[in-house]
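I have a structure I would like to understand better, so I am pasting it below and will then ask my questions one at a time.
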Protein chains: 2
Amino acid sequence: MGRVGLTADRVARAGAELADEVGFEQVTPSAVARRVGVQVASLYSHVRNAEDLRVRIALLALEEMADRGAAALAGRAGRDALVALGATYRDYAREHPGRYAAAQLRLDHETAMASAGPRHSAMMRAILRGYELPEPEQTHAVRLIGSVIHGYIIQELGGSFDHSEPGPQQSWDRILDALDSLLRHWPHEGQR
Amino acid sequence: MGRVGLTADRVARAGAELADEVGFEQVTPSAVARRVGVQVASLYSHVRNAEDLRVRIALLALEEMADRGAAALAGRAGRDALVALGATYRDYAREHPGRYAAAQLRLDHETAMASAGPRHSAMMRAILRGYELPEPEQTHAVRLIGSVIHGYIIQELGGSFDHSEPGPQQSWDRILDALDSLLRHWPHEGQR
DNA sequence: TCGGCTTCCTAAAAGATTTAGGTTGTTGCA
DNA sequence: TGCAACAACCTAAATCTTTTAGGAAGCCGA
């Protein structure tokens with residue numbers, strides 16, 4: 001079959017494609033080797049082990065999502081920015097469910113800091129500039145937005161919405177409406 | 001070593017304990033067999049295969065969480081109910097991270113319907129009785145509550161909040177405050 | 001006490017993970 | 001152009017996991 005010309009990056013990319021097709025948990029060195037047409041042992045010149053392979057796919061996905069997010073956020077603020085970033089994550093997850101699952105992989109601190117993770121945090125913070133929240137509340141709001149978006153996507157991807165009306169798009173729109181409304185009228189501390 | 005007296009249920013329980021200790025993805029028939037002191041092949045009298053083992057752990061976790069949720073919800077309404085159910089899920093996830101991860105396992109439709117899943121849906125609906133929302137909005141609200149709670153827990157468990165102030169308890173309290181406020185002042189359609 | 005069910009075993013096949021060590025393209029530079 | 005060095009890829013082998021087949025032994029009802 002000749003030489004395929006692999007690199008660590010190409011291995012990760014093949015793993016990402018495989019993840020989207022058969023699920024992230026099915027991505028093994030064996031499966032990736034089969035896919036790129038190479039003996040299993042040859043992969044180990046490019047990735048240290050199975051975990052390293054998974055981490056590389058996760059980093060790839062985080063990077064891709066951050067790039068898309070930054071593009072979507074450019075020139076938008078407030079509600080528009082919120083909707084745009086939300087759509088970025090959700091569309092990515094539906095286009096690339098395996099990669100999205102990979103992006104949830106727990107990374108050790110050092111790896112996480114060197115990943116695109118901080119870019120995601122920064123984008124969340126950027127959205128909040130469109131809403132006037134005092135500093136101590138901003139962190140709470142960032143965590144809320146992340147919870148809503150990722151929580152919804154996980155449920156949708158997991159099929160939780162498959163067997164009840166209305167469709168997931170309507171709920172998504174409505175929920176982002178509500179979230180925007182909440183951020184504009186953020187309840188002050190001690191309010192009951 | 002004599003006879004251990006296994007049943008499918010005891011195997012699942014051992015798997016659940018193992019999941020909490022080393023992570024759900026590390027739960028294999030081999031590992032469970034070692035834990036209960038039995039040859040691997042012996043497990044296959046109780047579970048069909050590795051996937052069946054995982055499903056049984058997931059069903060166990062869903063059941064346990066539903067029981068706790070029902071107990072927490074008894075005699076509460078509105079904000080109290082929301083906070084109580086949220087705490088149930090979060091406390092369970094922190095006590096039993098492996099089981100909580102197992103509960104996220106995607107089940108096929110039939111299994112899901114026979115599981116405690118519908119009880120969880122019913123509890124979410126029950127919470128909404130404390131807030132007056134028109135029917136078409138109720139589904140959206142249920143999905144929002146699920147997204148917030150599960151999204152937050154997944155992020156917390158994944159370590160997303162480990163390296164920034166304030167602590168996760170404060171954000172959690174604040175976010176449930178905000179969610180309660182949102183449900184009490186649910187924006188009507190078309191509101192911008 | 002006997003028959004039958006369940007529990008648990010040994011054995012074995014098939015595949016995944018990983019390491020060691022060797023071969024062969026490819027590339028850059030003398 | 002030629003060749004040294006590196007990277008890509010290989011075979012072989014050890015270890016572990018998953019699963020099936022078939023058998024031995026404890027336990028329970030009759």
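Within every chain, numbering begins at 1; the chains are lettered A, B, ... in the order of the sequence lines, protein sequences first and strands thereafter.
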With the side chain of A:Thr7 defined as its heavy atoms from C-beta on, choose the nearest nucleotide among C:dC8, D:dA8, D:dT18.
D:dA8

Within a strict 4.5 Å, meaning less than it, do heavy atoms of the A:Glu156 and A:Arg90 side chains meet?
yes

Given C:dT18, C:dC8, D:dC9, which nucleotide is nearest the side-chain atoms of B:Ser42?
C:dC8

Nearest-Å distance, CG (A:Asn49) to C1' (D:dC16)?
15 Å

The criterion is side-chain contact (heavy atoms from CB on, under 4.5 Å); which residues satisfy it with A:Ala141, sequence neighbours excluded?
A:Leu128, A:Leu133, A:Leu183, A:Trp186

Going 5' to 3' along nucleotides 21-28 of chain D, which nucleotides have protein heavy atoms under 4.0 Å from the base (write B), which only from the sugar-phosphate (write S), and which from neither (write -)?
----BB--

Restricting to ring pair (Phe, Tyr, Trp, His ring centres under 6.0 Å), what partner residues turn up for A:Tyr131, sequence neighbours left out?
none

Can you tell which of C:dC9, D:dT19, D:dC9 lies closest to the side chain of A:Ser45?
D:dC9

Return each pair, listed once, that meets ring-ring contact (aromatic ring centres under 6.0 Å, His included) where at least one residue sits in residues 43-69 of chain A; pairs must be two or more places apart or across chains.
none

Separation of A:Glu51 atom CD from C:dA16 atom C1', in whole Å?
16 Å

Ring centre gap for A:His96 and A:Tyr100 strictly below 6.0 Å:
no

If the condition is salt bridge (charged side-chain N to carboxylate O under 4.0 Å, His left out), which residues does B:Asp162 pass it with, not counting sequence neighbours?
A:Arg106

Of the candidates D:dC10, D:dT18, C:dT17, the side chain of B:Val40 sits closest to D:dT18

I want to check one thing: is the phosphate of C:dG15, taken as OP1 and OP2, less than 4.0 Å away from some side-chain N or O of A:Arg34?
no

It should be established whether B:His46 places a side-chain nitrogen or oxygen under 4.0 Å from OP1 or OP2 of nucleotide C:dC8.
yes

Find the distance B:Arg10:CZ to C:dT7:C1' and express it as a whole number of Å.
12 Å

Applying side chain to side chain donor-acceptor pair (under 3.5 Å), name anything that partners B:Arg125, two or more places apart in sequence or on another chain.
B:Gln138, B:Thr139

Going by number, which of residues 101-108 of chain B have a non-hydrogen atom under 4.0 Å from DNA chain C?
none

The criterion is ring pair (Phe, Tyr, Trp, His ring centres under 6.0 Å); which residues satisfy it with B:His120, sequence neighbours excluded?
B:Tyr89

What salt bridge (Lys or Arg N to Asp or Glu O under 4.0 Å) pairs are there with at least one residue in residues 143-154 of chain A, not counting sequence neighbours?
none

Side chain to side chain contact (heavy atoms under 4.5 Å, CB included) assessment of B:Ile57 paired with B:Leu105:
CA-CA 9 Å; B:Ile57 298 171; B:Leu105 188 70; over 6 Å; no

Rounded to the nearest angstrom, tell me the gap between atom OH in B:Tyr44 and atom P in C:dT10.
16 Å

Identify, residue by residue, the members of residues 11-31 of chain B with a heavy atom below 4.0 Å from DNA chain D, and return them in order of residue number, or none.
B:Thr28, B:Pro29, B:Ser30

Between D:dT19, C:dC9, D:dC9, which nucleotide has the shortest distance from any of its atoms to the side chain of B:Ala50?
D:dT19

Would you please name every residue forming a ring pair (Phe, Tyr, Trp, His ring centres under 6.0 Å) with B:Phe24, sequence neighbours left out?
none

Tell me the interatomic distance from B:Gln39, atom CD, to D:dT20, atom C1', rounded to whole angstroms.
15 Å

So, using side chain to side chain donor-acceptor pair (under 3.5 Å) as the criterion, who are the partners of B:Glu63 when residues are at least two apart?
B:Arg119

